[in-house]
Asker: 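Structure in structure tokens, see below.
First listed ligand is number 1; within each ligand, the first listed atom is number 1. Keep in mind the model is a prediction, meaning the values are calculated, not measured.
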Amino acid sequence: MRVLGIETSCDETAAAIVERDEAGNGRIVSNIVRSQFEEHAAYGGVVPELAARSHVSHLDGIIRRACDEAGLSLSDVDAIAATAGPGLIGGVLVGLTTAKAIAAALGKPLVAVNHLEGHALTARLTDRIAFPYLMLLVSGGHSQFALVRGVGQYERWGGTIDDALGEAFDKVAKLLGLGVPGGPHVERQALQGNPTRFAFPKPLLKEDRLDFSFSGLKTAVRLAAEQLAPLTDADVADICASFQRTVSTIVATRSTAALRRFSVELPDAASQLVVAGGVAANREIGDALRHAANAAGARLVVPPPALCTDNGAMVAWAGAERLALGSSDPMGFSAKARWPLDSADMRPGYAA
Ligand code: KG4
Ligand code: ZN
């Protein structure tokens with residue numbers, strides 16, 4: 001089965017064609033991503049209206065490139081999948097409406113994909129991991145643990161009570177005058193810095209819960225920067241290194257606790273931790289997670305960075321996994337700004 005996937009929920013315009021065989025093995029045939037970050041750079045964050053307009057301008061061309069690179073035409077795909085939420089609603093509408101138009105014109109099924117499910121199932125495409133597994137999603141918009149029991153079967157075990165982890169990286173980068181997106185800039189600076197110079201707080205870490213809080217940490221970084229101003233290059237590097245060390249410790253400590261819960265609740269299942277979302281590209285966080293997983297006797301799966309950040313392949317793949325279960329969606333399916341992974345309508349075949 002061959003599926004076209006469309007992703008427009010934030011600041012990436014993306015389209016991909018993915019194949020899934022009957023045994024459940026996936027293959028990416030083409031995967032085109034156009035980032036808008038330069039269009040939003042002057043504003044220090046994604047401007048929803050600009051993002052939606054840019055998706056309108058570029059999506060057709062990106063879909064054409066995905067077909068060209070695959071050497072296929074639209075009539076060669078079996079279904080059209082698009083992110084239908086959660087995300088910036090203007091952008092989601094652009095992708096979902098385009099998908100509906102293509103599906104209607106070609107008489108092919110539509111799959112309305114939850115963006116978080118796209119992240120959650122990517123490791124099955126890249127590493128053929130079997131259910132169940134624990135997922136840690138750390139992106140610009142989300143930070144959460146979820147138990148993934150099957151397609152559409154998710155239990156949210158914890159989330160952030162304020163900022164997402166990627167958002168914290170982006171805000172720290174912004175207050176230090178680094179570029180966008182912030183994560184890779186902070187990571188580059190951290191390479192030159194002293195990770196123990198600042199003892200930043202680790203909010204919530206002493207509490208027995210699987211939630212995150214990053215806004216107090218971000219404030220502590222701002223106060224440290226204000227006290228030292230004007231900052232030398234060494235100060236900036238030390239702040240980045242100390243911030244990154246702090247969040248690595250937080251994420252690893254929480255993951256250890258989540259893996260403990262996994263082995264208690266699913267004593268017969270192999271312990272597996274999948275990391276998804278843009279922040280999974282961070283090497284220090286990856287190393288800290290590898291450590292935590294090793295200590296817990298768990299398998300750690302981190303998809304390659306290009307498939308951790310937003311892309312069309314994850315949407316096409318989630319669409320293929322749903323179709324394989326006989327699930328597609330009506331043309332009247334509405335775009336959703338908010339759409340938690342554990343909502344009832346995530347079950348394949350659920351009829352509202
Ligand atoms: O998954 P993603 O592409 O988009 C969302 O769905 O949010 O994640 C983007 C986020 C941004 O906040 C970006 O700063 C962060 O991932 N990020 C990183 C790194 N690369 C991207 N954070 C830390 N270290 C990185 N190397
Ligand atoms: Zn994402």
Side-chain angles (χ1 to χ4, degrees), residues 5-14 16 31 33-37 40-41 44-46 48 51 82-88 91-92 95 113-123 135-144 146 159-160 163-176 178-191 193 195 212 214 217-218 221 240-241 243-248 250-251 274-289 302-315 317-318 337-341:
I6 295 173
E7 160 59 38
T8 56
S9 66
C10 192
D11 58 346
E12 262 91 31
T13 311
N31 188 24
V33 180
R34 178 187 181 277
S35 175
Q36 302 174 359
F37 61 75
H40 302 281
V46 179
T83 294
L88 301 173
V92 174
V113 169
N114 180 306
H115 179 88
L116 306 174
E117 179 165 65
H119 282 301
L121 299 179
T122 297
M135 174 188 60
L136 168 64
L137 172 61
V138 275
S139 70
H142 302 273
S143 299
Q144 56 181 261
T160 176
D163 293 346
L165 181 52
E167 192 180 355
F169 268 96
D170 295 336
K171 287 179 177 171
V172 165
K174 189 178 176 185
L175 72 89
L176 294 175
L178 306 174
V180 291
H185 287 275
V186 171
E187 179 167 30
R188 208 165 307 125
Q189 289 289 329
L191 285 175
F212 296 106
F214 295 113
L217 170 59
K218 171 198 67 195
V221 170
C240 288
F243 167 78
Q244 188 172 280
R245 175 64 52 85
T246 304
V247 297
S248 299
I250 294 172
V251 167
V274 166
V275 192
V279 184
N282 185 283
R283 260 183 241 130
E284 185 170 355
I285 292 176
D287 288 344
L289 286 170
V302 186
L307 296 174
C308 283
T309 53
D310 291 349
N311 64 86
M314 71 183 200
V315 178
W317 175 251
R338 231 187 78 76
W339 191 9
L341 256 188

Asker: To which protein heavy atom is atom 18 (C) of ligand 1 closest, and what is the distance rounded to 0.1 Å?
Answerer: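 Going by distance alone, atom 18 (C) of ligand 1 is nearest to G183 CA, 3.5 Å.
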
Asker: For C308, state whether at least one heavy atom is located under 4.0 Å from any atom of ligand 1.
Answerer: yes

Asker: So is D170 polar-close to ligand 1, meaning N/O to N/O under 3.5 Å?
Answerer: yes

Asker: Quick one: nearest non-hydrogen protein atom to atom 7 (O) of ligand 1, plus distance?
Answerer: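 Ranking protein heavy atoms by distance from atom 7 (O) of ligand 1, first comes G140 N, 2.7 Å.
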
Asker: For H115, take its heavy atoms, then give the atoms of ligand 1 lying under 4.0 Å from any of them.
Answerer: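 Atoms satisfying the 4.0 Å criterion: 6 (O).
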
Asker: Taking only heavy atoms of T309 into account, list the atoms of ligand 1 that are under 4.0 Å away from them.
Answerer: 1 (O), 3 (O)

Asker: Enter the distance from S248:OG to D287:CG here, rounded to the nearest 0.5 Å.
Answerer: 8.5 Å

Asker: Evaluate P181 for polar contact with ligand 1, using N/O atom pairs at a separation under 3.5 Å.
Answerer: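 No.
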
Asker: Suppose the cut-off is 2.8 Å; how many protein N/O/S atoms fall inside it around the Zn ion (ligand 2)?
Answerer: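 N, O or S atoms of the protein closer than 2.8 Å: 3.
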
Asker: Using side-chain contact (heavy atoms from CB on, under 4.5 Å), reason through E117 and L341 one step at a time and then give a plain yes or no.
Answerer: CA-CA 7 Å; E117 179 165 65; L341 256 188; 4.1 Å; yes

Asker: So is there a nitrogen or oxygen of N282 less than 3.5 Å from a nitrogen or oxygen in ligand 1?
Answerer: yes

Asker: Could you give the distance from CH2 (W317) to CG (L121), rounded to the nearest 0.5 Å?
Answerer: 8.5 Å

Asker: Between F169 and I285, is a side-chain contact (heavy atoms from CB on, under 4.5 Å) present by the stated rule, with each step listed?
Answerer: CA-CA 12 Å; F169 268 96; I285 292 176; 3.9 Å; yes

Asker: Could you check whether any side-chain N or O of T8 sits under 3.5 Å from a backbone N or O of G95, counting only pairs where one atom can act as donor and the other as acceptor?
Answerer: yes

Asker: Check whether any N or O atom of G141, backbone or side chain, sits under 3.5 Å from an N or O atom of ligand 1, and answer yes or no.
Answerer: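 Checking ligand 1 against G141, an N or O pair does fall under 3.5 Å apart.
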
Asker: Testing L136, N282, V138 for side chain to side chain contact (heavy atoms under 4.5 Å, CB included) with L289, which one passes?
Answerer: L136

Asker: For ligand 1, which is the ligand I care about here, please tell me if G277 has any N or O atom under 3.5 Å from one of the ligand's N or O atoms.
Answerer: no

Asker: How far is atom 3 (O) of ligand 1 from the closest protein heavy atom, and which atom is that?
Answerer: D310 N, 3.1 Å

Asker: To the nearest 0.5 Å, tell me how far E7 CD sits from N311 CG.
Answerer: 7.5 Å

Asker: Which distance, rounded to the nearest 0.5 Å, do you find between the OG1 of T309 and the CD of E12?
Answerer: 6.0 Å

Asker: If you measure from each heavy atom of H119 to ligand 1, is any distance below 4.0 Å?
Answerer: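 Yes, H119 has heavy atoms under 4.0 Å from ligand 1.
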
Asker: Checking contacts here: is it the side chain or the backbone of R283 that comes within 4.0 Å of ligand 1, counting heavy atoms only? Could be both or neither.
Answerer: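 Looking at R283 and ligand 1, no heavy atom falls under 4.0 Å.
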
Asker: About how many Å separate NZ of K171 and CG of D163, when rounded to the nearest 0.5 Å?
Answerer: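 One gets 3.5 Å once the value is rounded to the nearest 0.5 Å.
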
Asker: How far is atom 26 (N) of ligand 1 from the closest protein heavy atom, and which atom is that?
Answerer: E187 OE1, 2.7 Å

Asker: Kindly assign one of parallel, tilted or perpendicular to the pair H115 and H119, based on the angle between their ring planes and the thresholds 30° and 60°.
Answerer: perpendicular

Asker: Quick one: look up the protein heavy atom nearest atom 21 (C) of ligand 1 and list residue, atom name and how far away it is.
Answerer: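 The answer is G278 O, 3.5 Å.
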
Asker: If you apply the rule side-chain contact (heavy atoms from CB on, under 4.5 Å), what do you find for F243 with L217, and how did you get there?
Answerer: CA-CA 8 Å; F243 167 78; L217 170 59; 3.8 Å; yes

Asker: Under the 3.5 angstrom rule, does the side chain of S143 hit a backbone N or O of L165 as a donor-acceptor pair?
Answerer: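 Checked: pair present.
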
Asker: Which ligand 1 atoms are under 4.0 Å away from a heavy-atom of G182?
Answerer: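 Answer for ligand 1: 14 (O).
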
Asker: Which atom pair, heavy atoms only, marks the closest approach of C308 to V275?
Answerer: SG-O, 4.4 Å

Asker: Out of all atoms in ligand 1, which are within 4.0 Å of some heavy atom of P184? Include the element for each.
Answerer: 19 (C), 20 (N), 21 (C), 25 (C)

Asker: Decide yes or no on side-chain contact (heavy atoms from CB on, under 4.5 Å) for H40 and V180, but give the supporting numbers first.
Answerer: CA-CA 9 Å; H40 302 281; V180 291; over 6 Å; no

Asker: Give the atom numbers and elements of ligand 1 that come within less than 4.0 Å of a heavy atom of G166.
Answerer: 12 (O)

Asker: Distance check, rounded to the nearest 0.5 Å: Q244 atom CD versus L191 atom CG?
Answerer: 7.5 Å

